[in-house]
Amino acid sequence: MSKRSIAQDSPAALDAVVVGAGITGIYQLHRLKEMGLSVALYEDGAGVGGTWFWNRYPGARFDSESYSYGYFFDEQLLQEWDWKELFASQPEIEQYLNYVVDRQSLRPLIHSNTRVVGAFFDEDTALWTVTLGTGESVLTKYLVSAVGILSAPFTPDIPNHELFRGEMHHTGRWPQTPVSFKGKKVAVIGTGASGVQIVPVIAGEVETLTVFQRTPNWATPLNNRPISAEEMAEIKATYPAIYEKVSQNKSGLPHDADPRSAFDVTEEERLEKYEALWNSPGLRKITENFRDTELDSKANTMFTEFLEKKIRSLVNDPSVAERLIPKDHGFGGKRPPFEAGYFEAFNRENVSLVDMRADPIVTFTEQGLNTVKGHHEFDIIVLATGFDAGTGALLRMNIHGREGLSLADAWKDGPRTLLGVMVPGFPNLLIAGGPHGTRGNVPRSSEMHVDWISDLINFTEQKGSKWIEPTPEAADAYTAHVYETAGGGKHGSTQASAWYNGGNIPGKANHFLLSPDPHPEYRRRAREVADDGYRGVTFA
Ligand code: N01
């Protein structure tokens, strides 16, 4: 594709704007730059990394194997980068993403500290006007969102938060200046993956730590370890095979599904398998479990009984152990966190657990928090309260398509997309790593979108079209497929309150927000659309 091939009628316009400098946006920027387009990336954060820029709280790290999470598009990068740990920590990940940005000479195209606050499509010019928090605006033909599905932090509406005189930080907006916990009275509100990661890391530093738990989760050991030089050399030598494996895996992970039912084996074999899973790294407890653990309630209960015993063996006080055992959902009913010393942290004298079902928070005070049963004084309150997942980050961008239609209105009944990537009424808006398209290992999922989007833009330019848009029928058919598929099997048994069902945000409609398709199936579906001349896409 020749340089400046697009938007020639409007020389002030860019070919493409990418929003978000996370792992998805960086790859999208690279692809569009390689295609010779004029492109700019806008990022709210002061640096690159997206999730891995903002979530810099102590203990933040991957729970997918590092070597399966990084980029695969650059052979030299694969050979140059040494992952230090099986599950890299936030500083290492941020360093990696900065390394990639510099290696690909992307930094001059990235405008950090620049939030996109609006985007308006003009049908006469077929251009988007993207308005920025700086007060400026830019014109672009293509608007590519790479804002992620877990990036709009959710802060619960606890009364009088402005009264609190101490420090308060959301895990998803952690400050760049390190927070000193030494000798402080600290609260952590929330016990999802973020809360479970931070608790054991700060427990030894703080004077007191009070963990406010509303719902316990089925946390299991992350089992992180360093990657030796020999192992890294072996990983580098086998990257093509690793990529083939993650591409064939339904969640984009280098794991081997177990075809057996939990009822195919003797009790002894089953318990041996559970023990091996407990000692296995990260998400294998889900992906390598018996095939029916998440599908069959009896099989699920057999596994959670095993987990309950583990929790009781790790926590000294039986009443605390009891409160840490989930009662309202089975394993996989909500996205389980992975821990490193979380349960043992409650054995420390300085760590206590407040069960918010029995003793809810009523209000902030100047010194801390009032619960129904009493007052708690804190120097620091950590909100590990999650995200307005899937749609939150997209909708707060204030996107308006044809005839001024806002995306918020268009999606009032939930996302309506073709492949999670295109939206009827929003020409030339392309979404990488968004709702109804993303699942499992996020970089492996969103790279499918980035590649598909890049090919589509190339195709559109070859055709000389001014705008592309999915037909309402194509979007409705895909959306129906999402809900039909998500309604059965595993997702049918998930908790309505899970973030991927929208249920963690008060007042948010309950809709399944991920891609229901295993990665190979999503890839096949997307390829089929492309091979059929982008069936269901209108070229204007
Ligand atoms: O958020 P969450 P998260 N009062 O929504 C509680 C990914 N991730 O940031 O369960 C009191 O899971 C809420 O309670 P309840 C991963 O995909 C990955 O921890 O609603 N508490 C819950 O305990 C993960 O699934 C890593 O009853 C309130 C917590 O806050 C996703 O991000 C690390 C409350 C929120 O948990 C989100 O995880 C971290 C209220 N009003 C995150 N409102 C890796 O390891 C909410 N809560 C890669």
Side-chain angles (χ1 to χ4, degrees), residues 23 50-52 54-66 68-69 86-90 93 148-159 161 170-174 187-199 201 210-222 224 251 253 281-283 286 324 326-329 332-340 342 353-357 359-364 369 371 381-390 392 438-443 445 494-508 513-514:
I23 198 151
T51 284
W52 300 108
W54 291 112
N55 289 264
R56 51 180 63 244
Y57 58 86
R61 59 173 68 250
F62 288 157
D63 56 17
S64 301
E65 283 78 354
S66 305
S68 75
Y69 199 98
L86 190 55
F87 301 105
S89 65
Q90 182 277 333
I93 304 162
I149 54 166
L150 287 161
S151 46
F154 166 67
T155 299
D157 193 13
I158 302 169
H161 63 93
H170 193 291
T171 49
R173 275 288 178 285
W174 202 259
V188 171
I189 305 177
T191 54
S194 304
V196 164
Q197 281 188 331
I198 193 170
V199 162
V201 179
T210 310
V211 180
F212 288 86
Q213 169 191 271
R214 194 165 61 181
T215 316
N217 281 301
W218 292 111
T220 55
L222 180 66
N224 188 28
S251 306
L253 290 161
L283 286 147
I286 309 171
L324 289 167
K327 306 286 187 300
D328 71 336
H329 65 282
K334 286 170 87 175
R335 204 283 204 177
F338 295 92
E339 58 85 39
Y342 176 69
L353 178 67
V354 174
D355 175 359
M356 290 183 59
R357 302 271 175 207
D359 186 16
I361 296 172
V362 180
T363 178
F364 280 97
L369 291 165
T371 62
I381 296 177
V382 174
L383 298 168
T385 47
F387 301 90
D388 181 355
T438 309
R439 166 192 177 129
N441 188 357
V442 170
S445 195
T494 62
Q495 283 292 104
S497 62
W499 58 256
Y500 48 79
N501 290 320
N504 64 324
I505 304 297
K508 184 168 172 173
L513 292 166
L514 301 177

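Counting starts at 1 for both ligands and their atoms, in listed order. Because only heavy atoms are used, hydrogens play no part in the values below, and waters and symmetry mates are left out as well, while side chains stay in.
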For [X], take its heavy atoms, then give the atoms of ligand 1 lying under 4.0 Å from any of them.
{"X": "Arg61", "answer": "44 (C), 45 (O), 48 (C)"}
{"X": "Ala384", "answer": "29 (C), 30 (O), 35 (C)"}
{"X": "Met356", "answer": "4 (N), 11 (C)"}
{"X": "Tyr57", "answer": "33 (C), 39 (C)"}
{"X": "Phe387", "answer": "9 (O)"}
{"X": "Thr191", "answer": "22 (C), 23 (O), 29 (C)"}
{"X": "Phe154", "answer": "43 (N)"}
{"X": "Leu150", "answer": "7 (C), 17 (O), 31 (C), 32 (O)"}

- request: May I ask you to identify, for Phe338, whether its side chain, its backbone, both or neither come under 4.0 Å of ligand 1 on a heavy-atom basis?
  value: neither
query: Is it the side chain (CB and beyond), the backbone, both or neither of Arg357 that lies under 4.0 Å from ligand 1, heavy atoms counted?
result: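 Looking at Arg357 and ligand 1, just side chain atoms fall under 4.0 Å.
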Side-chain donor-acceptor pair present, Thr191, Arg214, cut-off under 3.5 Å: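 No.
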message: Between Thr371 and Asp359, do the side chains contain a donor N or O and an acceptor N or O under 3.5 Å apart?
response: yes
field: Lys/Arg N to Asp/Glu carboxylate O, Asp63 vs Arg335, below 4.0 Å
entry: yes
Nearest-neighbour protein heavy atom for atom 41 (N) of ligand 1, which is reported as residue plus atom name and distance: Pro156 CB, 3.1 Å
Asn501 (side chain) donor-acceptor with Ser497 (main chain) under 3.5 angstrom: no
message: Quick check: Phe62 with Tyr69 (ring centres under 6.0 Å apart)?
response: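 Aromatic pair counts; centres sit under 6.0 Å.
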message: Check for me whether Tyr69 has a heavy atom closer than 4.0 Å to any atom of ligand 1.
response: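 The answer is no, since Tyr69 has no heavy atom less than 4.0 Å from ligand 1.
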